[in-house]
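Read the structure below first, then the notes.
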There are 2 protein chains.
Amino acid sequence: MQKQENLSKNQKIILDLIEKSSGPLKAYSILFNVKKQGIKAPLQVYRALDKLIEIGKIHKIESRNAFVACKNSNCQVSKATAFSICESCEDVTEVSNLKLSKYLSNFADKSGMKYNKYNLEFFGLCKNCKK
Amino acid sequence: MQKQENLSKNQKIILDLIEKSSGPLKAYSILFNVKKQGIKAPLQVYRALDKLIEIGKIHKIESRNAFVACKNSNCQVSKATAFSICESCEDVTEVSNLKLSKYLSNFADKSGMKYNKYNLEFFGLCKNCKK
DNA sequence: TAACGCTGTGTAATAATATAACATAATTAA
DNA sequence: TTAATTATGTTATATTATTACACAGCGTTA
Ligand SMILES: [Zn+2]
Ligand SMILES: [Zn+2]
Ligand SMILES: [Zn+2]
Ligand SMILES: [Zn+2]
């Protein structure tokens, strides 16, 4: 895994912001929040996001167009991601369940396709919201 | 399940187009293709898409912002979807595997979340592309 | 019939998300 | 030290999706 020390300036700024956030952040909200640190254009944000995704430091929540820090310590799983998303408060938690990831990583159907990556999003109501 | 006869004019036009397509369609490509049938504005397309998704006739491929017809006959599974996506040719196939859907529908982790829906996207190379 | 709720339509404007194109600097590899 | 690779900065633009408002059609029901 690439060390954080190897990240570029913009990548560090943006990873730092995402890691400190309590929930998923959207690209333009990230942009807004890093303007004071000299990042002025969407592309600067998207480029950093792309890199951070590539090295597994963050993940994109596809159904929300939002980005979260990886919560699996020393994550190797940018290619095998699962999240649970509360449809009421929009809280997102990264699911880390070894049985699930093994099951999905080994999944094969009759299509003859070779999978090298998956993304799973569960939806429902979190503990708080289902009260 | 709602029958196609109950669909509105715009909904029928758009479902028909998606069902006849060999792959996922994007919203503005749909718009372009139904202009001759009197559908002129993005919102008309998105409204029909929303309804068709709601009743399970189509699904959205979240990672691609594209829409496909449901291939599970008499589909009740708009709340439990799985797709395999070829990263080379962008071909998309709906995975229908009873074991998988049971496994995921019953999945529960320690988070205390009650899931009522999931979406799973597998990525890889299809038969043709991995040659 | 009239009032109402509900679903769908039409239209214009705009918001939100993401990328293309081009120029340059910094870092790494050969 | 040349070349290749990676990152940056900037402007413009493309793509995806929603807000807001006006109105039409249909079934319920008062
Ligand atoms: Zn992770
Ligand atoms: Zn919640
Ligand atoms: Zn389906
Ligand atoms: Zn392919």
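All values below come from the heavy atoms of this structure, side chains included, with hydrogens, waters and symmetry mates left out. Bear in mind that the values here come from a model prediction, so they are computed numbers and not experimental data. Labels below follow one simple rule: chain letters A, B, ... track the order of the sequence lines, proteins then strands, and each chain is numbered from 1.
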Pair B:Ser8, B:Asn10: side-chain N/O donor-acceptor within cut-off below 3.5 Å: no
Integer-rounded Å distance: C:dA12 P and B:Ile39 CD1: 16 Å
Among D:dA7, C:dG10, D:dG9, the nucleotide that comes nearest once only the side chain of A:Gln11 is considered: D:dA7
Phosphate OP1/OP2 of C:dT7 contacted by B:Ser8 side-chain N/O (<4.0 Å): no
Side chains of A:Ile14 and A:Phe67 in contact at under 4.5 Å (non-hydrogen atoms): no
Set of residues satisfying ring pair (Phe, Tyr, Trp, His ring centres under 6.0 Å) with respect to A:Tyr115, sequence neighbours excluded: B:Phe122
Side-chain N or O of B:Lys9 closer than 4.0 Å to phosphate OP1/OP2 of D:dA24: no
Distance in angstrom units between A:Leu7 CG and C:dA26 P, rounded: 19 Å
Check ion pair B:Glu121-B:Arg64 (N to O, under 4.0 angstrom): no
Reading 5' to 3' through nucleotides 14-20 of chain C, protein heavy-atom contacts under 4.0 Å coded B for base, S for sugar-phosphate only, - for none: ---BBBB
Separation of D:dT16 C1' from B:Ile61 CD1 (nearest whole Å): 16 Å
Under 4.0 angstrom between A:Asn6 side-chain N/O and C:dT27 OP1 or OP2: no
Separation of atom CG in A:Asn10 from atom P in D:dT6, rounded to whole Å: 17 Å
B:Lys12 NZ to C:dG8 C1', straight-line distance once rounded to whole Å: 13 Å
Heavy-atom side-chain proximity of B:Ile30 to B:Ile18 below 4.5 angstrom: yes
Nearest-Å distance for atom pair CZ/P, residues B:Arg47 and D:dA20: 14 Å
d(NZ, B:Lys51; P, C:dT7) in whole Å: 7 Å
Pair B:Glu87-A:Lys117, salt bridge (Lys or Arg N to Asp or Glu O under 4.0 Å): steps then yes or no: CA-CA 10 Å; B:Glu87 290 185 296; A:Lys117 200 165 106 183; 3.3 Å; yes
Distance test, side-chain N/O of B:Gln44 to OP1/OP2 of C:dT9, below 4.0 Å: no
Side chain proximity check, B:Met113 to A:Cys126, heavy atoms < 4.5 angstrom: yes
Spacing between B:Leu52 atom CG and C:dG8 atom P, to the nearest angstrom: 10 Å
